[in-house]
Every structure is written in C-alpha cells, then in structure tokens.
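Being a predicted model, the structure only gives us computed values, none of them experimental.
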There are 2 protein chains.
Amino acid sequence: MSLEYAILVSLQERAGSGYELARRFDKSIGYFWGASHQQIYRSLKRMVELGWVSCDEVAQEKRPDKKVYRVSDSGAAELARWLAEPAADPPAIRNELSVKIRGASYGDVGQVLAEVRRHRRRHAERLAVYQAIEQRDFPDPTGLTGQSLHQYLVLRGGIGYERSMVDWCDEVARALEADSPR
Amino acid sequence: MSLEYAILVSLQERAGSGYELARRFDKSIGYFWGASHQQIYRSLKRMVELGWVSCDEVAQEKRPDKKVYRVSDSGAAELARWLAEPAADPPAIRNELSVKIRGASYGDVGQVLAEVRRHRRRHAERLAVYQAIEQRDFPDPTGLTGQSLHQYLVLRGGIGYERSMVDWCDEVARALEADSPR
DNA sequence: GACGGCATGTAACCAGTTACATGATTAT
DNA sequence: ATAATCATGTAACTGGTTACATGCCGTC
C-alpha cells in the first residue's frame, strides 16, 4: 500500500496530473518505488474516494484536458500518520539472477555467466545515471537541509545499492571465469 | 515465475517434502528468494501437473506421512532451458523506508529517524547471520568450485547487499541527526 | 494442559504486470 | 506518412500475503 503514500509525497512536492505523476515515477521517485501509469490512475481514483486528494479538471489549449490532483487536508494528515507508523520489515529480496547462479551447474554455466555480465552492465548504467544526478543536483552536499537533504539521502541509497550490485556481479564473473576456463 | 525454478534447484540438490522445502526457503535459498509454505504447496501441485516433478507418498513412524518430491527428466530439461534464457531486468527496487525518508518533512522527522535506526539493526542482524554462515561453511573460499562455489557467491551477494543497507542507514541517520538536532 | 515441531492444505484478498483501447497534437 | 508526446483509462492475469483449518507426537 506504499504506492498511495509515495503519490501523496510526490503531490505534496507539486500538484499534478496522473500522467505527470507517471513521468515522475519514471524518474526521481521511481528510482526507489516504481509504478506504471495504470497503477497510478487506479490509485488516484481510490484516493479521491478516500478524500485524500482533490481533483480539478483543467482545460488546456492544443493539448488534451487533464485532471490536476492535489493533497487535501485529510490526505496530509493521513500521510503524517503513516510516516510516524513503523515501516514493514524489509521483505526478502527476490533476485532471479541469484537463483540462476545457485542452479548454474544444472545448465550451461557459460550462459549464466553471460547473464551476470549483462546485469553488470545494467547496474553500471543505472549507477552512472544516479551519479550524474548527484553531480548535477548536489555538487556540494555538506550544507543540505530539509527536503533537499532527504532527496539527496534517497539518491545515495540508490547509488550504494547499484554499486554493491556492480561489485557483486564482478566478483561472480571473476569466480565463474576462473572455475570454468576456456 | 522464478519460484518454480528455485524449487527445481532446491530439489535437484536434494529431494524432499513441501514442508522440508519450506524450511529450506526459511534458510539458504530463502536468503535471496523468499517463499511461504502456502506458495510452495501451490507450486508443487502445479509442477506435478506439468510433469516437472514426481511425488512419492512416504509413510513415517511417529510422524505424519509426507510426500517426497523429486525432479523428473522433463523438469531437469526445463530447468536447463530456463537457465540459458535471459533473466528479467532487475525490477525497480521498492523500498518503503526510502518513501518515508523522501516524505519526512510532511510528518515527524524524529519518528522517521527512529525507523531508520530500527532498519539499521535489522540489516545488521541479517548481515551477522550471513557472515556467520560464511565463516562456518566457507572458511577458505579460494579453492571452491562448482556447486559450493555457486552457493558461496550467492551468499556473498547477500552480504554485500546487507552491508550496503547498513552503511546507507548509518549515513541517513547521521545526516538526519545533524539536520534536526536536539 | 499447553506449546513447539512435523505435515498438509484451502480461500480470500491485494498489488503489480501485460495487454488492450482511444484520441489529439507536434515534429521528422 | 509515421512516430513521439500528451492524456486517460479498462480488463485479465499472475504472484504473493494473510487468515483459516486440521491433526498427530513429544516434551515441559
């Protein structure tokens, strides 16, 4: 159910349409909580019913009309309540690649190794994206406070995660190469 | 759909009952692919229908009967096929704590900080568990090959992940303390 | 007598993914 | 022409969680 709260946070930062929210979930927020536009529209509908957000239809020139959502007082209260509540314990990580590595000897180890290398590239790409954002938006993080500090810290989490994945893929690739050489 | 394949890997290592599998998913395999007993029973049923595993009813003294599952030839072939197939791109991480940090200013930052500390402890605990396993089962990893190497590498992934989470929680806690001191 | 371990399941629900569906405007 | 961007949604399916349900054995 965190999606609703992620949307509340995003709408508190700035009101917007479902489409705009979907864009944001492709970027900033989406780096640690992904959501497709279908999910977002469904959630917004529910949130209107719950009275957490209000919705204004806005006519635009040269563009389709859009519905701009903003957080209501009761939505803001609900967000504050949720923030004070303990978060669910981090769920077991589900890592498909780990399953393949663990089972590698029941198939073609070389193919699994190729997958490890491919994932290494993916993680390195994301790491580069996060680091570029860090350089651009937080060149000097020492003085950060409040919301920009919070944004920065979340970004740091993404960087740490991707870096650990890259390192792990490297370790795995090295070990598999050494074990089944050619 | 990886659960079915995680079960195949586990049953290749050793045949067993649904209950035993559930135990294993609480331990080794479960460190990177969690599954409840309900899920496991459901999957086993499906896998019998697909012909990937066979099932023998075994009567036990002083214990309830159990059904021992083992991988069939067609299951082994299916596993090898899946291993050669590219894995899905790592999905967007969904991290509830990040959502709370990002939104902290819309609620009580102190409460969010407490949550960060709690998660720090959880991750440190899991890290300690993994490191204990590493010490016990892989005191000298240099010569590892084949299946034990693969097991070791997966464990290393867990260690790297938990360590990066602990480090991140520390960074976040330090920054939040400095920002809203008391 | 209560609790924990062994052993198996069903049912309802919730969240997320994939596929389908529409339609205008702007840029190549 | 065709693709990309803006803009909104529905429907079916899949996978995972939570709650419920049963029953035996051994130990404290």
Inset, instruction - Could you pull out all residues at least two apart from A:Arg118 that satisfy salt bridge (Lys or Arg N to Asp or Glu O under 4.0 Å)? - result: A:Glu115, B:Asp89

Inset, instruction - Find the distance A:Glu20:CD to D:dA7:C1' and express it as a whole number of Å. - result: 10 Å

Legend entry - Selection: residues 7-19 of chain A, any non-hydrogen atom under 4.0 Å of DNA chain D: A:Ser17, A:Gly18, A:Tyr19

Inset, instruction - Name all residues meeting the side chain to side chain contact (heavy atoms under 4.5 Å, CB included) criterion together with B:Asp140; count only those two or more places apart in sequence or in a different chain, and write none if there are none. - result: B:Thr142

Inset, instruction - Spell out, yes or no, whether A:Leu50 and A:Val9 are grouped together once hydrophobic residues are joined by side-chain heavy atoms under 4.5 Å, including indirect joins. - result: yes

Legend entry - Nearest heavy atoms of A:Gln12 and A:Ala76, plus distance in Å: NE2-CB, 3.6 Å

Legend entry - Residues in salt bridge (Lys or Arg N to Asp or Glu O under 4.0 Å) contact with A:Glu96, at least two apart in sequence or another chain: none

Inset, instruction - Tell me which residues in residues 32-49 of chain B put a heavy atom below 4.0 Å from DNA chain C, sorted by number, or none. - result: B:His37, B:Gln38, B:Tyr41, B:Lys45

Inset, instruction - Just grab all the side chain to side chain donor-acceptor pair (under 3.5 Å) pairs involving residues 165-174 of chain B, residues at least two apart or on different chains. - result: A:Arg156-B:Glu171, B:Arg120-B:Asp170

Inset, instruction - Go through A:Lys66 and A:Glu20 one step at a time and tell me if the salt bridge (Lys or Arg N to Asp or Glu O under 4.0 Å) criterion holds. - result: CA-CA 10 Å; A:Lys66 63 177 180 179; A:Glu20 281 163 357; 2.9 Å; yes

Legend entry - B:Phe32: side chain to side chain contact (heavy atoms under 4.5 Å, CB included) partners, not counting sequence neighbours: A:Ser98, A:Val99, A:Arg102, B:Ile29, B:Val154

Inset, instruction - Describe, as an angle rounded to 10 degrees, how the axis at the first end of the helix from C:dG1-D:dC28 to C:dT28-D:dA1 is tilted relative to the axis at the last end, five pairs per end. - result: 30°

Legend entry - Span of DNA chain C in contact with chain B (heavy atoms, under 4.0 Å): C:dG5 to C:dT17

Inset, instruction - Tell me yes or no: between the side chains of A:Arg70 and A:Ser54, is some donor less than 3.5 Å from an acceptor? - result: no

Legend entry - Derivation of the side-chain contact (heavy atoms from CB on, under 4.5 Å) call for B:Tyr31 and A:Ile93: CA-CA 7 Å; B:Tyr31 297 142; A:Ile93 23 157; over 6 Å; no

Inset, instruction - Examine A:Arg23 relative to A:Phe25 and say whether NZ or CZ is less than 6.0 Å from the centre of the six-membered ring and inside a 45° cone about the ring axis. - result: no

Legend entry - Annotated protein contacts, base or backbone, on nucleotides 22-28 of chain D with a non-hydrogen cut-off under 4.0 Å, one of B, S, - each: -B-SS--

Legend entry - Under the side chain to side chain contact (heavy atoms under 4.5 Å, CB included) test, residues paired with A:Arg42 that sit two or more places apart: A:Gln39, A:Arg46

Inset, instruction - Name all residues meeting the salt bridge (Lys or Arg N to Asp or Glu O under 4.0 Å) criterion together with A:Lys67; count only those two or more places apart in sequence or in a different chain, and write none if there are none. - result: none

Legend entry - Single-linkage hydrophobic cluster B:Tyr19~B:Val71, side-chain heavy atoms < 4.5 angstrom: no

Inset, instruction - Group every Ile, Leu, Val, Met, Phe, Trp and Tyr by side-chain heavy-atom contacts under 4.5 Å, then state whether A:Tyr152 and A:Trp33 land in the same group. - result: yes

